[in-house]
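Notes follow once the structure below has been shown.
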Amino acid sequence: MNKLILGRYFPGDSLLHRIDPRAKLLAGISFIFILFIANNWITYLVLWLFTFTMMKLSGVSIRIYLRGVRPLIWLILFTVSLQVLFTAGGKIYIDWGPITISSFGLINGMYIFSRFTMIIFVSTVVTLTTKPIDLTDAINYLLQPLKRLKLPVDEISLMLSIALRFIPIILDETQKVMDAQRARGTVFGEGSLPQQIKKIVPIFVPLFVSSLIRAEDMANAMEVRGYQSNNPRSSFRRLHWQKTDIAALIAMVLLAVTLFILRTEGHHFH
Amino acid sequence: MQINLQQVTADYQAGPIRSPEILKSISTTVKSGSFTAVVGKTGSGKSSLLKLMNGLLIPVKGSVSVGDITITSENAKQSVKEVRQKVGMVFQFPESQLFAETVEKDIMFGPMNFGVPEAEAKEIALEVIERVGLEASLLSKSPFSLSGGQKRYVAMAGILAMRPDILVLDEPGAGLDPKGKKEVMDLLHAWHKERGLTILLVTHDMDDVALYADEVIVMDSGRIVFQDEPERLFADVEAIHQWGLDLPQARKLQIRIEQEANVTLSQICLTRDQLAAALIEAGLA
Amino acid sequence: MSIPCIKAENVTFHYNLKKREHTITDFSFTAQRGEWLAVVGHNGSGKSTLASLLVGLRMPSTGRIYINGMELKEETKWKLRSQIGLVFQNPENQFIGTTVKDDVAFALENQNMPYDEMKQRVDRALAMVGMTGYADYDPSRLSGGQKQRVAIAGLLALHPAIIVLDEAMVMLDPKSRQDFMTLLDELRKQHQLTIISITHDMNEAAAADRILVLKKGKVIETGKPAQIFQREEREDVPFIEALRRKLKEQGSTIPDKYMTEDEMVWWLCR
C-alpha cells in the first residue's frame with residue numbers, strides 16, 4: 001500500500017513545485033498527446049531527455065520514480081510483449097505462425113515501453129510536485145465550462161477535497177485498528193487465503209463504523225457553518241498565474257513543434 | 001511479572017510518516033505488581049513506550065524483557081506473539097476496535113487467536129464480563145447497540161479475556177464523563193489491589209496520577225527523565241513546568257495557599273483529603 | 001431590558017423512532033448578550049439534542065427558539081446561522097478545509113463573500129485565537145487544544161453573537177482545557193459574546209455566570225454556581241466545593257456556603 005508513488009505529494013520548493021497547478025495539469029495532459037507525435041528514435045530520444053529533465057527539476061531522487069514504476073512493471077511488460085509478438089515486418093528472428101519476433105516488433109515494443117514509462121514518470125512529476133488540494137483546484141478551474149451543461153462542478157471538487165482531507169485520517173485510523181487487533185493476537189500476512197480474508201473483518205467493520213460517524217459529524221458541521229449545495233459560493237483558495245506558468249506551456253508547444261520537425265513522414269519507419 | 005527495558009532505541013512508522021528515534025536509549029524497570037503512570041507532553045513518546053512493551057513497536061537497538069521473554073530486533077517475530085499474551089494492551093478509545101456481531105464473540109476473539117478452544121473462550125467471556133461490572137445478559141447483544149461507557153468496558157473485557165499478567169492502557173478514561181472516568185479508574189485500581197495485576201497507564205490527568213499510581217514515569221522528547229513516587233514528582237514544581245506537565249488540583253491549590261498565607265504545610269498534598277487534613281493541622285481551617 | 005440574545009420557550013423535542021432517551025421536554029431559558037451559561041447533566045440527559053436544536057440542525061416539535069428576537073425555523077435558519085456557531089466534541093470531524101486558513105474561511109465562502117473581505121476576516125480570526133502562525137498547517141496535525149482554537153476561529157470569522165460548545169473540552173487534557181477556557185472568557189468580554197457551554201465538567205461549569213441542570217430532557221434547576229453547588233444533595237461539584245465539604249466534615253469552622261477559589265483562599269489566609 002505504501003509502495004505506490006503515483007498520486008503522492010512530496011513537499012518541496014523546486015521550480016516545478018512553484019508552477020501553477022493548472023499549468024502543470026495542462027502540461028501533463030498535453031504531454032500524453034505529444035507522445036503520439038513521436039515515431040522514430042530521435043523523437044523518442046527528445047522525449048526521454050524532456051522526461052529526465054522534468055524528473056531532475058522536481059528535486060525528487062530518480063530512485064523514487066523507479067520505485068513508482070515497479071508495481072506496474074508486469075502490466076507494462078505484458079503489453080510490450082504483445083506488441084513484440086504480434087508485430088510483423090522487417091527482419092524476422094523467430095517465426096511461429098502468427099507469433100513472430102521481428103525487428104519491427106522489437107522496435108515497436110521499445111516505443112510502447114517508452115510511452116508507458118514516460119507517461120508514468122511525467123504524471124508522477126505532476127503529482128509529486130503538486131499538493132492534492134491544489135490539483136483539485138486546478139481540476140475545478142479547468143472543468144468550469146462544464147457548468148453550462150449543468151454539471152455540479154463545484155460540488156464535485158468540494159467532495160474531492162473533503163475526500164483528500166480524510167485519506168490521511170483514515171490511513172492513520174487503519175493503522176490504529178490494525179495495532180489494536182494485533183494486540184489481540186491477530187497476525188497479519190500469515191495463513192491461507194480464506195484465513196487472511198477473515199482477518200480483514202476486524203479491521204473493516206470498525207473502520208466502516210467510524211467513517212459513518214465521521215460522515216454524519218461532518219455533514220452537521222457543514223450545515224451549521226452555512227453550507228447549502230445549490231447556493232453560490234466564493235472561493236478562498238486562489239491560484240496565481242505567473243510568467244513561469246506561461247513559459248511552461250510555451251515549453252510544451254516547443255516540444256510538440258520540435259517533435260513535428262524531427263518525426264518521420266508517414267506512419268511507417270524504415 | 002516485571003518488564004525490563006535495556007538501552008532501547010526505536011523508530012516509529014505510521015503510513016508514510018517516519019519519525020526516527022522516537023525513543024532514545026531508554027532503560028527502565030517496571031516492577032511486578034506496580035501501578036505505574038506514564039506522563040509527558042504530546043509527542044514525548046508515551047504511547048510508543050507502551051507499544052514497546054506489547055511488541056507493537058520493535059526496538060531498533062537494545063532489548064525489552066517481559067518476564068523471561070526478551071524482544072530484540074533479531075528475534076522479534078517469535079517473541080512478539082508470546083509477549084502479546086502476557087501484556088494486554090488497551091488502546092485509547094478501545095471501543096473503536098469492536099467488530100463482532102455479539103459482545104461474546106468480540107470478547108472471545110483475543111483468546112481464540114491465542115489458541116483457546118471455543119468452549120473455554122465462552123467461559124472466559126462470561127467471567128470477564130462480570131469482572132468489568134457488566135451484566136452477563138449483554139453477551140448476546142450487538143456491541144454497537146451499547147452505550148459509550150458500556151462499549152469501553154466490553155473492549156476492556158476483550159483484553160482481560162487473554163488473561164494477561166500485565167495491563168498497559170493508553171488514557172483509559174479519555175472522553176468519558178467524570179463519573180464514568182472514575183468508575184474505570186476505580187475498577188483498574190481494584191484489579192491491581194485484589195489480583196496483583198501489574199498496571200501501566202498513560203494519562204494526561206495528574207489527579208489520576210495522584211490518586212492511583214504508586215510510581216510515575218515522565219517522558220520528554222523520547223527519553224525517560226523521571227521515575228519515582230508521585231509525591232516526589234509533584235514536589236518539584238519547576239521541573240513540572242519544564243516538562244510541560246500540570247499539577248494535581250489539590251497540589252496547585254496548596255501552592256497558592258502557601259504563597260498567599262506565607263506558610264508551609266507539613267506535607268505535599270496530592271489529594272483533596274490530604275489537603276483538608278494538612279489545612280486543619282496547620283490551623284488554617 | 002433589551003431583547004435577550006437567545007430565548008427558548010417551552011421547547012419539546014422527540015425522535016419518532018427512539019422515544020426514550022434523547023428527548024427534550026418543556027425546555028425554557030433565556031441568555032443575555034455577553035452571558036456565559038453552562039448546561040450540565042449526565043450522559044443521556046438530552047444535552048447534545050439541545051445543542052442541535054439551538055443551532056437549527058433539528059427543529060423543535062413544539063415551542064419556539066428566538067435568536068436576537070427572530071424565531072429560528074426552517075425559513076430563517078440559514079440567515080440565523082451566521083449569528084450562532086457550534087463547536088463539536090470531536091475536533092477532528094468538524095474540519096472541512098485542508099489547511100487551517102481554508103477551514104476558517106469555509107463559512108465565509110458559504111456566504112459568497114468577496115476574497116478581500118474573507119482574507120481580512122480569516123487573518124483577524126486566527127489572530128484572535130492566537131493561531132496566526134499555523135495558517136498553512138494541516139488541521140489534523142494540530143494538538144487537541146489547537147484544533148478547538150481553529151474551530152473557534154472558524155466561528156469568529158462570521159462575527160457571531162452566540163457560541164454553543166457541545167462538550168467541546170472533553171477531548172482536551174486539563175491544561176489545554178484551562179487555556180481554552182481563559183481564551184473563551186477573554187473573547188466573550190472583548191466581543192460581548194454569549195457562550196452556552198454544554199458540559200459535564202463541574203470545574204468548567206463553576207466558571208459560568210449561570211448553570212442549567214438538565215435531567216432526562218428537563219431543566220430541574222437553574223441558578224448561579226453558588227446556588228447550584230451549595231445544595232448538599234448535589235454530588236458532582238467542583239474541586240473547591242468538594243474540599244470545603246471535606247473540611248466541614250473534619251470539623252473546620254469554614255462557612256457553610258459555596259466559595260469560589262478566591263474566596264476560599266482569602267478565608268484561609270484571613
Side-chain angles (χ1 to χ4, degrees), chain B residues 17 39-43 92-93 147-150 171 173-182 202-209 240-241 244-263 265 269 271-285, chain C residues 18 21 40-45 47-48 89-90 92 138 141-146 167 169-179 199-205 235-255 259 261-262 264-270:
Chain B
I17 299 151
V39 299
K41 285 191 289 228
T42 311
Q92 202 176 12
F93 302 108
S147 76
Q150 286 174 326
E171 291 206 60
L176 297 177
D177 63 24
K179 199 170 148 228
K181 188 175 163 196
K182 187 172 180 302
V202 163
T203 180
H204 276 118
D205 192 331
M206 298 304 145
D207 285 308
D208 284 349
V209 178
I240 290 279
H241 288 307
L245 300 175
D246 207 2
L247 288 166
Q249 295 188 75
R251 177 71 180 138
K252 215 188 281 178
L253 189 61
Q254 178 188 10
I255 290 167
R256 185 173 168 195
I257 293 167
E258 285 183 341
Q259 271 170 2
E260 295 191 18
N262 209 7
V263 292
L265 300 183
C269 304
T271 63
R272 179 198 63 189
D273 294 0
Q274 288 172 355
L275 181 58
L279 285 171
I280 287 174
E281 189 196 324
L284 285 173
Chain C
K18 297 184 203 164
E21 276 180 14
V40 303
H42 283 300
N43 288 342
S45 59
K47 297 193 307 275
S48 282
Q89 182 185 88
N90 193 339
E92 194 73 75
D138 175 352
R141 298 279 165 232
L142 301 175
S143 75
Q146 290 172 328
E167 297 187 18
M169 292 179 239
V170 169
M171 302 291 183
L172 307 187
D173 59 78
K175 207 174 169 184
S176 327
R177 211 175 282 185
Q178 192 56 52
D179 293 346
T199 179
H200 43 225
D201 180 343
M202 293 307 145
N203 290 325
E204 192 185 318
E235 278 171 21
D236 32 338
V237 291
F239 175 77
I240 202 77
E241 173 66 9
L243 178 67
R244 190 191 66 83
R245 290 182 187 184
K246 187 77 198 174
L247 286 170
K248 193 87 207 162
E249 188 190 308
Q250 304 272 312
S252 159
T253 55
I254 196 159
M259 290 171 147
E261 190 179 305
D262 289 341
M264 164 109 51
V265 171
W266 184 83
W267 183 82
L268 288 168
C269 301
R270 77 205 178 276

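Here the structure is a predicted model, which means the values were calculated and not measured. Atom set for the values below is all heavy atoms of this structure, side chains included, hydrogens, waters and symmetry mates excluded. Reminder, nothing fancy here: chain letters follow the sequence lines and each chain counts from 1.
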Stepwise side-chain hydrogen bond (donor to acceptor under 3.5 Å, both in side chains) check, B/Gln249 with C/Asn203: CA-CA 11 Å; B/Gln249 295 188 75; C/Asn203 290 325; 3.1 Å; yes

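- No other option in C/Leu247, C/Thr253, C/Thr199, C/Asp173 has as many heavy-atom pairs under 4.5 Å with chain B as C/Leu247.
- Interatomic distance, CG of B/Leu279 versus NZ of C/Lys246, reported as 13.0 Å (0.5 Å rounding).
- Only the backbone of B/Leu245 comes within less than 4.5 Å of a heavy atom in chain C; its side chain stays farther off.
- Contacts of C/Leu268 with chain B are made by both backbone and side-chain atoms, with heavy-atom separations under 4.5 Å.
- With rounding to the nearest 0.5 Å, the separation of CD1 in B/Ile257 from CH2 in C/Trp267 is 10.5 Å.
- The side-chain heavy atoms of C/Val265 and B/Leu253, taken from C-beta on, include a pair separated by under 4.5 Å.
- The number of heavy-atom neighbours closer than 6.0 Å to NZ of B/Lys252, taken from other residues, nucleotides and ligands shown, is above 12.
- Annotation: C/Glu249, atom CD; neighbour count of heavy atoms from other residues, nucleotides and ligands within 6.0 Å is above 12.
- Counting only heavy atoms from C-beta outward, the side chains of C/His42 and B/Asp177 approach each other to under 4.5 Å.
- Between chain B and the residues C/Val170, C/Asn90, C/Asp262, C/Ile254, the largest count of heavy-atom pairs under 4.5 Å involves C/Asp262.
- To the nearest 0.5 angstrom, B/Arg272 atom CZ is 9.5 Å from C/Arg245 atom CZ.
- Contacts of C/Leu172 with chain B are absent, with no heavy-atom separation under 4.5 Å from either backbone or side chain.
- When heavy atoms are compared at a cutoff of 4.5 Å, C/Arg270 approaches chain B solely by way of its side chain, counted from C-beta outward.
- Rounded to the nearest 0.5 Å, atoms NE2 (B/His204) and NZ (C/Lys175) are 11.0 Å apart.
- In this structure, B/Arg256 pairs ionically with C/Glu261, as a charged nitrogen and a carboxylate oxygen lie closer than 4.0 Å.
- The candidate with the highest count of non-hydrogen atom pairs below 4.5 Å against chain C, out of B/Ala285, B/Ala250, B/Ala261, is B/Ala285.
- With a threshold of 4.5 angstrom between heavy atoms, B/Leu284 approaches chain C through its backbone and through its side chain.
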